[in-house]
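Chain A is the first sequence line, chain B the second, and so forth, proteins listed ahead of strands; every chain is numbered from 1.
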Amino acid sequence: MSIQKPKGTQDFLPGSVETWQYIEKTARDVCRRFHYKEIRTPIFEHTELFQRGVGETTDIVEKEMYTFQDKGERWISLRPEGTAGVVRAYVENKLYGEPDVSKLYYTGPMFRYEQPQAGRYRQFHQFGVEAFGATDPAIDAEVIALGYTIYQELGINGVRVEVNSVGNPASRAVYREALLGFLLPKKQLLCKDCQSRMERNPLRVLDCKVDQHHFIGVPELLDYLDEECLSHFAAVKKHLADMEIPYEVNPRLVRGLDYYTHTAFEYKAEGIGAIDTIGGGGRYNGLVGQIGGNDQPGIGFGIGLERTVLVLAAQEVAIPKEGELQVYLIGMGEAAEQEITKLLYRLRRDGIVAETDYLGRKMKARMKSADRFQAKYVAILGDDELAAGTIAVKEMSTGEQTPVPLTQLTDWIKARG
RNA sequence: GCGAUCGUGGCGAAGUGGUUAACGCAUCGGUUUGUGGAUCCGACACUCGAGGGUUCAAUUCCCUUCGAUCGCCCCA
């Protein structure tokens, strides 16, 4: 039996990889204008980084990481998300010593051992940004706007931005108690999932899809935020409004990673199966300190690229094509073939996308190839042309054929486009 | 981790416990020994994800395993 790719991984073949390039190019360009710089960090890190950063009790760290011991008996994990590694690099390279806010972006593969389903893979890809060193709510809004702009410029419609504040650890602890006080008497009425959520992460109970009617009168997190949290959240919303970023406050938006404080947000889209979150992030003011740096605030998000691809496909967004074949060369006879080798290389160096036949096929088959490649022109060189020092150039869309001096082929193609 | 459905040539897709595994698309060749996108003719699966079992006989029945799709949990 031939070897198959590991479960939950994908090959990105020519024809679909262009979509990925389009997303990456667009995202990079938006980051450039927002003045974020790329950072590249290892795909694997010490396991401890994720235990400390993502949170020891999260599902991700508890049961979804690809963890192994290397030959030096170090515990290593493939990164399950992007933030922890960037924070580590920020601390290790003492970027906090720089006078300005560190505004970084990254893209690459992440790994989680999960059951694959629509929009979920074991190796998946994220594009993310992180901004360190500022607590100004304007940065929160900038980060949210950046992500929104990427979706806009990709040509995706109907992306919803949901925002919330999860407060600081102190106010969240108070809320947690109040919430449990409300839920405990109703515990038997709730679905099985919620009963187990109550123990592991009570805030997530509010996400429940079956039992919403039990939650009438439930205490809301926003009511438990202190003055500082509230004014920060208000300022974020003000900045979003100033930029005319459409957003909705979702008081029940809770994120799955432990490190979030204050601002939490998600980007949502319809039509890609059971999953609707295509990106998400938030502020993490305690994280840098936990990783071992001096305590700098930070905020960021991650965009799920597989999910973005699904949305682009669902909305039938046209992907701009690049590198289309301009000319297909055909040489008939030994002398002509020799000349084709030289001509082909010269065209390519001159910036023309050029191709020829390598299967020794007949004229008709070569024409078919050129047609399949959607070549703009076919240039045919035989004994007659060779003697005249020209090449017969056929424009495929019109069928019109003209002799062009061999030395002028590049200029002729460039002039005609 | 749990559940459902599925796995036949490059792709899509029929099929049956038993002599040659439909068909469509694509591909290749021919009709035209230097000209594509149309038509016609022809070629193209020692084999039905893998392993084992039942049977005189299995692609078709059973088990295991691998994978895919979708959903739950969780998340991007």
Tabulate below the donor-acceptor pairs under 3.5 Å that side-chain atoms of residues 323-342 of chain A make, not counting sequence neighbours, or state none.
{"from": "A:Gln326", "atom 1": "OE1", "to": "A:Val353", "atom 2": "N", "distance (Å)": "2.8"}
{"from": "A:Glu337", "atom 1": "OE2", "to": "A:Arg366", "atom 2": "NH2", "distance (Å)": "3.3"}
{"from": "A:Thr341", "atom 1": "OG1", "to": "A:Glu337", "atom 2": "O", "distance (Å)": "3.3"}

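In this structure, A:Ile275 atom CD1 and B:C72 atom C1' are separated by 11 Å, rounded to whole Å.
Side-chain contact, A:Tyr36 with A:Glu142: a donor N or O sits under 3.5 Å from an acceptor N or O.
Taking atom P in both B:A43 and B:C61, the straight-line distance is 32 Å, to the nearest Å. Rounded to whole Å, the separation between the P atoms of B:U55 and B:C74 comes to 49 Å. Across B:G15 and B:U47, the matching C1' atoms stand 14 Å from one another, rounded to whole Å.
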- Query: Would A:Glu114 and A:Arg120 count as a salt bridge (Lys or Arg N to Asp or Glu O under 4.0 Å) if you check the C-alpha gap in whole Å, the side-chain angles of each, and the deciding distance to 0.1 Å?
  - Reply: CA-CA 8 Å; A:Glu114 295 192 275; A:Arg120 203 173 71 185; 3.7 Å; yes
Counting primed atoms, P, OP1 and OP2 as sugar-phosphate and everything else as base, the B/S/- map of nucleotides 5-11 of chain B against protein heavy atoms under 4.0 Å is -------
Check nucleotides 30-33 of chain B against the protein and report each pair of N or O atoms closer than 3.5 Å, with its distance, or say if there are none.
{"from": "B:G30", "atom 1": "OP1", "to": "A:Lys362", "atom 2": "NZ", "distance (Å)": "2.2"}

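Within 4.0 Å of A:Gly333, counting heavy atoms only, lies no atom of the nucleic acid at all. Within the nucleic acid shown, A:Arg112 comes within 4.0 Å of at least one base atom, counting heavy atoms only. A:Gly382 comes within contact range of at least one nucleobase, with a heavy-atom separation under 4.0 Å. Heavy atoms of A:Glu81 sit nowhere under 4.0 angstrom from any nucleic acid atom. A:Gly128 comes within contact range of no nucleotide atom at all, as no heavy-atom separation falls under 4.0 Å.
Of all the residues in residues 369-377 of chain A, A:Asp371, A:Arg372 reach under 4.0 Å from RNA chain B with at least one non-hydrogen atom. The stretch residues 302-320 of chain A touches RNA chain B through A:Gly304, A:Arg307, each having a heavy atom within less than 4.0 Å of the strand. Taken residue by residue, residues 384-395 of chain A places heavy atoms nearer than 4.0 Å to RNA chain B at A:Asp384, A:Glu385, A:Lys394. Across residues 5-26 of chain A, A:Lys7, A:Gly8 each have a non-hydrogen atom less than 4.0 Å from an atom of RNA chain B (numbered order).
Consecutive Watson-Crick or G-U pairing (both distances under 3.5 Å) extending over three or more pairs maps onto RNA chain B as B:1-7 with B:66-72, B:10-12 with B:23-25, B:27-30 with B:40-43, B:49-53 with B:61-65.
Each of B:G29, B:C74, B:G71 was ranked by its minimum atom distance to the side chain of A:Asp59; first place goes to B:C74. Considering only side-chain atoms of A:Ala274, the nucleotide from B:C72, B:A76, B:G1 that sits closest is B:C72.
For residues 295-305 of chain A, the set of pairs meeting the side-chain hydrogen bond (donor to acceptor under 3.5 Å, both in side chains) definition, not counting sequence neighbours, is empty. Within the structure, the side-chain hydrogen bond (donor to acceptor under 3.5 Å, both in side chains) test picks out the following pairs touching residues 51-60 of chain A (sequence neighbours left out): A:Glu48-A:Arg52, A:Asp59-A:Arg200. Residue pairs meeting the ring-ring contact (aromatic ring centres under 6.0 Å, His included) criterion with at least one member in residues 119-148 of chain A, sequence neighbours excluded: A:Phe12-A:His125, A:Trp20-A:His125, A:Tyr90-A:Phe132, A:Tyr105-A:Phe127.
For A:Glu355, the salt bridge (charged side-chain N to carboxylate O under 4.0 Å, His left out) partners at least two apart in sequence or on another chain are A:Arg348.
Two residues are said to be in side-chain contact when any heavy atoms from C-beta on lie closer than 4.5 Å; A:Asp140 and A:Phe265 fail this criterion. Counting heavy atoms from C-beta outward, A:Arg346 and A:Leu343 have side chains that approach closer than 4.5 Å.
In this structure, A:Gln117 reaches the B:G71 phosphate: one of its side-chain N or O atoms is under 4.0 Å from OP1 or OP2.
Taking the six-membered ring where the residue is Trp, the centroids of A:Phe111 and A:Tyr113 are separated by 6.0 Å or more.
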